[in-house]
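All values below come from the heavy atoms of this structure, side chains included, with hydrogens, waters and symmetry mates left out.
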Amino acid sequence: MDIPKSAADWNSLWEAKQKTRSMAHDASYWDERAKTYTNKDNPGSYTDRFFTLADIKPDDVILDMGCGTGNLTIPLAEAGHEVWAADFSSGMLQRLRDAVRERGLEEKVHVVQLSWDDDWASAGITKGQFDVCLASRSIATDDLLGALRKLDGACKRRACITLPFATSPRIDDRMLAAIGLDPHPSFDDCYTIAMLSDMGRLPELAYIPTVRNDSFPDMDDAIERYFRMACEYAKESGADASPDDIKARLIPWLKENLIPDPDDEGRLTFKAPRTSNWAFISWNKEA
């Protein structure tokens, strides 16, 4: 096989990888997800660790690209920062506007509907406009190189992003291994570091562990959700596994591992939560 020799070569590999995804998470997908999102968990362990690694200074003006409902925007604005909060989902941005209004942060937060593939200059984002640019769990584009260049161009001092590490935080590796589907890493961090290196940056890599425990109203819902997860993974990875085989292995594993949720009567949850990691990649412009 040909060895990538430039950021463009790495980007071509990234684009090809995106085409294997069984479901495109476009704006309408996130509009629907926004209905269940809140900011009640802020700050949390992920947010705290992100800010520690980001090394934001007291007077920094921030771009929060892919801001969602404001997991980073809200605490940054409450700390006194001016934040431009951008996302392509109108549903997410409406939830953010509600949170900004409830907290009286209108003078601190500028809300912008924007995707990675849009013309950022037309949206009012100019070269070196922000001290720090952030993209937390939000790089959703076939053109990763273009996204990195836009983020790098908009920041004056520093940029920080997080991407999936290992399989994906949305996939339960325990389940994959139990039903005979080998988990494999996404390598999203590797693509990013290679492109940034070719751009002349000196990317730094760290990790943010997260813990989650899914909850289900009943066993049927658990089977449906995890069956869909397993089938999507099998399709994307090219695994030789039929839906019937997946379900036959999945149901006994779920019945063995789900217990009544001690914190929510009538629901089911796993005996033990699952841990996943996010790759935190940062770089400084002076480098």
Side-chain angles (χ1 to χ4, degrees), residues 1 13-38 41 45-46 68 89 137-140 142 162-191 207-279:
M1 62 173 292
L13 293 175
W14 172 273
E15 290 175 354
K17 184 166 79 84
Q18 303 315 299
K19 289 180 171 57
T20 67
R21 294 179 62 183
S22 60
M23 178 180 180
H25 291 174
D26 56 13
S28 61
Y29 169 87
W30 290 108
D31 288 345
E32 188 64 26
R33 289 287 302 274
K35 297 175 183 177
T36 62
Y37 273 43
T38 70
D41 295 324
S45 59
Y46 173 90
S89 165
R137 303 184 285 197
S138 64
I139 296 188
D142 291 346
T162 48
L163 304 106
F165 174 72
T167 307
S168 167
R170 66 184 177 87
I171 300 293
D172 193 330
D173 285 358
R174 303 171 303 175
M175 177 270 292
L176 294 182
I179 67 173
L181 294 176
D182 293 332
H184 61 79
S186 66
F187 296 115
D188 286 7
D189 51 339
C190 301
Y191 287 94
Y207 298 97
I208 302 178
T210 59
V211 177
R212 63 178 292 175
N213 206 356
D214 296 311
S215 178
F216 312 93
D218 51 45
M219 183 61 70
D220 287 343
D221 181 72
I223 292 170
E224 179 185 349
R225 284 166 58 180
Y226 265 62
F227 177 67
R228 183 168 61 249
M229 179 193 298
C231 288
E232 288 181 0
Y233 179 82
K235 181 178 179 181
E236 291 177 7
S237 63
D240 184 17
S242 71
D244 288 342
D245 288 341
I246 289 173
K247 184 166 287 189
R249 296 172 184 175
L250 173 65
I251 293 175
W253 181 80
L254 285 172
K255 288 183 176 180
E256 179 182 351
N257 286 278
L258 287 174
I259 60 173
D261 192 334
D263 299 319
D264 196 344
E265 185 176 357
R267 295 181 68 89
L268 298 173
T269 191
F270 285 102
K271 295 176 183 177
R274 59 185 168 106
T275 300
S276 57
N277 290 282
W278 290 90

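Interatomic distance, Asp189 CG to Thr162 OG1, rounded to the nearest 0.5 Å: 11.5 Å. Here CE of Met219 is found 4.5 Å from CG of Leu258. Values are rounded to the nearest 0.5 Å. Atom SG of residue Cys190 and atom CH2 of residue Trp14 lie 11.0 Å apart, to the nearest 0.5 angstrom. With rounding to the nearest 0.5 Å, the separation of CG in Leu163 from OH in Tyr191 is 12.5 Å. Separation of atoms OH (Tyr226) and CD1 (Ile171) is listed at 9.0 Å; rounding is to 0.5 Å.
Shortest non-hydrogen contact noted between Gln18 and Asp142 is CB-OD1, 3.2 Å. Contact between Lys17 and Asp188 at its shortest, heavy atoms only, is NZ-OD1, 2.7 Å. Summarising the geometry of Thr275 relative to Pro209, their closest heavy-atom pair is CG2-CB, 4.5 Å, with the distance given to 0.1 Å.
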Side-chain donor-acceptor pairs under 3.5 Å in residues 243-257, sequence neighbours left out?
residue, atom, partner, partner atom, Å
Asp245, OD2, Ser242, OG, 3.2
Arg249, NH1, Ile179, O, 2.9
Asn257, ND2, Trp253, O, 2.8

ask   = Going through the checks in order, is the side chain to side chain contact (heavy atoms under 4.5 Å, CB included) test met by His184 and Tyr233?
value = CA-CA 10 Å; His184 61 79; Tyr233 179 82; 2.8 Å; yes
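The pair Arg228-Glu224 meets the salt-bridge criterion, with a side-chain N (NZ, NE, NH1 or NH2) lying under 4.0 Å from an Asp/Glu carboxylate O.
Each salt bridge (Lys or Arg N to Asp or Glu O under 4.0 Å) pair with one or both residues in residues 173-183, not counting sequence neighbours, appears once here: Asp172-Arg174.
There is no side-chain donor-acceptor pair under 3.5 Å between Ser215 and Thr269.
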